[in-house]
Amino acid sequence: MKKLMTEWRLYEQQLLWEQEFEEFFKEHYLMLDEGFIDWTLDKGRQIKDTITNTIAGMKDWTVQQIEAFVQFMLGKLRKFIQGLRNKGLLGKLAARKEEAA
């Protein structure tokens with residue numbers, strides 16, 4: 001009987017660990033399914049289209065126009081990284097490293 005109770009306690013503990021893991025997984029990783037992936041893909045397509053169209057028209061640009069474009073895109077990238085940080089997908093240090101890169 002003692003062995004049966006010991007085995008039952010181990011089984012209960014294993015079930016609790018599995019439940020805790022499921023809750024942790026749902027809390028931290030399923031947030032990606034809340035439209036974030038679609039939002040990211042949409043933003044990526046918009047950025048790609050903007051860059052493609054701009055590069056096609058860059059043939060006649062001056063140096064100042066190219067510098068202004070690069071500054072504009074840098075600002076967009078910083079806003080994107082800040083959005084990831086606000087959503088909790090990037091930590092403070094990770095966001096700083098991305099901006100520094």
Side-chain angles (χ1 to χ4, degrees):
M1 187 69 170
K2 184 176 181 180
K3 181 167 175 59
L4 182 63
M5 290 303 292
T6 304
E7 293 296 322
W8 176 253
R9 286 188 187 114
L10 289 173
Y11 175 73
E12 280 184 321
Q13 186 65 37
Q14 183 179 0
L15 285 178
L16 286 174
W17 286 338
E18 289 174 2
Q19 287 175 348
E20 287 177 11
F21 177 75
E22 283 293 321
E23 290 174 14
F24 177 81
F25 184 79
K26 286 178 184 175
E27 180 181 341
H28 295 329
Y29 295 106
L30 291 182
M31 73 171 85
L32 294 176
D33 291 337
E34 297 176 0
F36 179 75
I37 293 173
D38 294 334
W39 175 80
T40 304
L41 291 174
D42 185 46
K43 292 297 181 186
R45 282 187 200 105
Q46 288 176 0
I47 291 170
K48 180 194 73 85
D49 292 342
T50 302
I51 291 173
T52 304
N53 294 337
T54 304
I55 289 175
M58 279 180 140
K59 296 174 187 172
D60 301 326
W61 282 20
T62 64
V63 173
Q64 290 84 9
Q65 287 173 317
I66 293 173
E67 287 175 357
F69 171 73
V70 170
Q71 289 296 327
F72 171 76
M73 291 307 294
L74 182 61
K76 291 288 187 179
L77 181 61
R78 285 184 177 147
K79 284 182 184 177
F80 178 72
I81 291 171
Q82 189 64 33
L84 291 176
R85 182 167 181 242
N86 291 340
K87 289 182 183 281
L89 297 172
L90 275 181
K92 182 179 180 180
L93 295 177
R96 285 183 182 170
K97 286 180 182 178
E98 289 298 322
E99 284 187 22

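- Separation of atoms NZ (Lys48) and CG (Asn53) is listed at 8.5 Å; rounding is to 0.5 Å.
- We find the CZ-CZ distance between Arg78 and Arg85 to be 14.5 Å, quoted to the nearest 0.5 Å.
- The hydrophobic clustering, which links ILVMFWY residues whose side-chain heavy atoms are closer than 4.5 Å, places Leu74 and Ile47 apart.
- In this structure, Ile51 is a member of the same hydrophobic cluster as Ile66, with clusters built from ILVMFWY side-chain heavy atoms closer than 4.5 Å.
- In this structure, NZ on Lys79 lies 13.5 Å from CD1 on Ile81, to the nearest 0.5 angstrom.
- Note that the CG atom of Leu77 and the CE atom of Met73 stand 8.0 Å from one another [nearest 0.5 Å].
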